[in-house]
**Q** 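Dropping the structure in here first, questions after.
By convention in this document, chain letters (A, B, ...) are assigned in the order of the sequence lines, proteins followed by strands, and residues within each chain are numbered from 1.
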There are 2 protein chains.
Amino acid sequence: MRKPFRVAQFESREEAIIEATNRLLATRGYELMSMDDIAAEVGIAKGSLYKHFESKEALAGAVMVRLLRRTRLALEAQPAHLDARAHLEALLRWTLRERLAGGVPHLPSASQSLRDSLLANHDYMDELMTLSESIGTLIQKAKADGGLRADLRDEFVLYTFYARSCDPTLDFLKAAGSMSDDEIVDQMVSACFRGLAG
Amino acid sequence: MRKPFRVAQFESREEAIIEATNRLLATRGYELMSMDDIAAEVGIAKGSLYKHFESKEALAGAVMVRLLRRTRLALEAQPAHLDARAHLEALLRWTLRERLAGGVPHLPSASQSLRDSLLANHDYMDELMTLSESIGTLIQKAKADGGLRADLRDEFVLYTFYARSCDPTLDFLKAAGSMSDDEIVDQMVSACFRGLAG
DNA sequence: GTCTATACTGAGATAGAC
DNA sequence: GTCTATCTCAGTATAGAC
């Protein structure tokens, strides 16, 4: 049975809200994005936002959940024949390309209250755990077959991986404008895995 | 001729304000630090802050100038016999240790208005240029003598270096608590120069 | 110059009509 | 459910007494 028209419309509006918030988070970041901005971007009244999401933090959480889900799907869609290290490299490439394309929300450290609300957000934490476990497994495999250095702690590698995904170097280079997108991605991935040393 | 007592007192209060702001920036970050917080930390009235600094942004700028100056002095104080690459490594170590000690302000991307005000702040830009030139020279030297990869662009290396100085990986690992400070610094420096790959 | 008190603004959230 | 209008509150900045 098809969804009633009314319900479908409600859901599509909700999707539009998330999409608009995603755009604003990607350009301005959390603090500089106001609920007024979102409402204007979607083309609805500010008060209506609160019928869909109970707070600005909840809205940002929904956007982050979507990002984590897309990341997980991107990982699952990778060719099965790759070895663990190649999976990690490809995932990092995917993330950096997404950022260069401009679609990734930008919550580097953001506010404390936002972090707290994310920690309390079950959907978010579930997605984060799932993704972290997948990546953690890849890290262990890659270490076992010599693709990654065994002397680095697993958690160090995991956090480093996340940090490279939101590395401001990409934004600086993009803003400077003297390197092509491909070159930026290549150098960042290369520097991450092979280092800066000669 | 000695400074008049009154002037000395004024300057020491100003130093106290900068010091307090530094602490607050290091713990809460720019957005979450209010002028009320600063006044309370120093133990003076909020209005009095504006006799010393014309705005919150100017105050943050003064703190950043002090940080850049200290960084430059740390670089200049390094033993002269080091080669270029060792200088870079030592500087990164110094920065990470400072952050672990808790004294470094934390303006990852911060607000747009703050960035604009920093760009318009001559003292800040001067210090930043001076430091960037010193580091740039080291990068070129290190490339020339084989200490750094020659296939990476100078600007890429410079930005990467700055990015590693405020890498959130350090905060994650510190918060997780499972690695000692020394181990955190060692792995971060090692990963920066030698990479993650096995 | 420092204090207390306050004006002004922006932004998150809510109320009530339709 | 959506709209308009409004509340509330925090935070920057300023005024005026001392």
**Q** Rounding to an integer number of Å, can you tell me how far A:M35 CE sits from D:dT8 P?
**A**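 Computing the A:M35:CE to D:dT8:P distance gives 19 Å.
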**Q** Find which nucleotide of DNA chain C each of A:D37 and A:S48 is nearest to by heavy atoms, and output the residue with the more 5' nucleotide.
**A**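 The 5'-side residue here is A:D37.
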**Q** To the nearest angstrom, how far is A:E11 atom CD from D:dG1 atom C1'?
**A**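 My rounded result for the distance is 15 Å.
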**Q** Measure CZ/A:F53 against C1'/D:dG1 and give the value in whole Å, please.
**A**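 The answer, rounded to whole Å, is 15 Å.
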**Q** Looking at A:R99 and A:D171, is any side-chain nitrogen of the basic one under 4.0 Å from a carboxylate oxygen of the acidic one?
**A**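 Yes.
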**Q** Does any donor atom in the side chain of A:S117 or A:Y124 lie under 3.5 Å from an acceptor atom in the other side chain?
**A**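 Per modelled atom types, A:S117 and A:Y124 side chains form no pair under 3.5 Å.
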**Q** A:Y50 has an atom OH; how far is it from atom P of D:dA5, in whole Å?
**A**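 It is 18 Å, rounded to the nearest whole Å.
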**Q** Any salt bridge linking B:K143 with B:D151? Criterion: basic side-chain nitrogen under 4.0 Å from a carboxylate oxygen.
**A**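 Here B:K143 does not pair with B:D151 in a salt bridge, since their nearest N and O are not under 4.0 Å apart.
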**Q** Let's see if you can work this out: which of D:dC3, C:dT4, C:dT2 has an atom nearest to the side-chain heavy atoms of B:F10?
**A**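 Ranking D:dC3, C:dT4, C:dT2 by closest atom to the B:F10 side chain puts C:dT2 first.
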**Q** Between D:dG11 and B:K56, counting only base atoms on the nucleotide and side-chain atoms on the residue, is there a donor-acceptor pair under 3.5 Å?
**A**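 Result: no qualifying N/O pair found.
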**Q** For A:K51, which contact category applies under a 4.0 Å heavy-atom criterion: base, sugar-phosphate, or nothing?
**A**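 Base contact - A:K51 has a heavy atom under 4.0 Å of at least one base atom.
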**Q** Using whole Å, report how far CD of B:E54 lies from P of D:dT12.
**A**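 Between P of D:dT12 and CD of B:E54: 15 Å.
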**Q** Tell me the interatomic distance from B:M33, atom CE, to D:dG11, atom C1', rounded to whole angstroms.
**A**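 Atom-to-atom, B:M33 to D:dG11, this comes out as 12 Å.
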**Q** Between A:H52 and D:dT2, is there a contact of a side-chain N or O with OP1 or OP2 at under 4.0 Å?
**A**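 For A:H52, the contact criterion (side-chain N or O under 4.0 Å from OP1 or OP2 of D:dT2) is met.
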**Q** Without decimals, in angstroms, what is the distance between A:K46 NZ and C:dG12 P?
**A**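 Roughly 7 Å, once rounded to whole Å.
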**Q** So which heavy atom on A:M188 is nearest to which on A:D167, and how close?
**A**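 It is CE-CB, 3.7 Å.
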**Q** With distance as the sole test, does B:R85 use its side chain to make a donor-acceptor pair with the main-chain N or O of B:L148 at under 3.5 Å?
**A**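 Not at all, since once roles are kept as given, no pair shorter than 3.5 Å links the two residues.
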**Q** Of all the choices, C:dG1, D:dC3, C:dA13, which nucleotide is nearest to the side chain of A:I44 once you look at every atom?
**A**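 Side chain of A:I44 sits closest to D:dC3.
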**Q** Give one of base, sugar-phosphate or nothing for B:S34, where a contact means two heavy atoms less than 4.0 Å apart.
**A**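 Contact class for B:S34: sugar-phosphate only.
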**Q** What integer distance in Å separates B:L59:CG from D:dA13:C1'?
**A**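 Result: 14 Å.
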**Q** Looking only at side-chain N and O atoms, does A:R13 come under 4.0 Å of OP1 or OP2 in D:dT2?
**A**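 Indeed, a polar side-chain atom of A:R13 lies that close.
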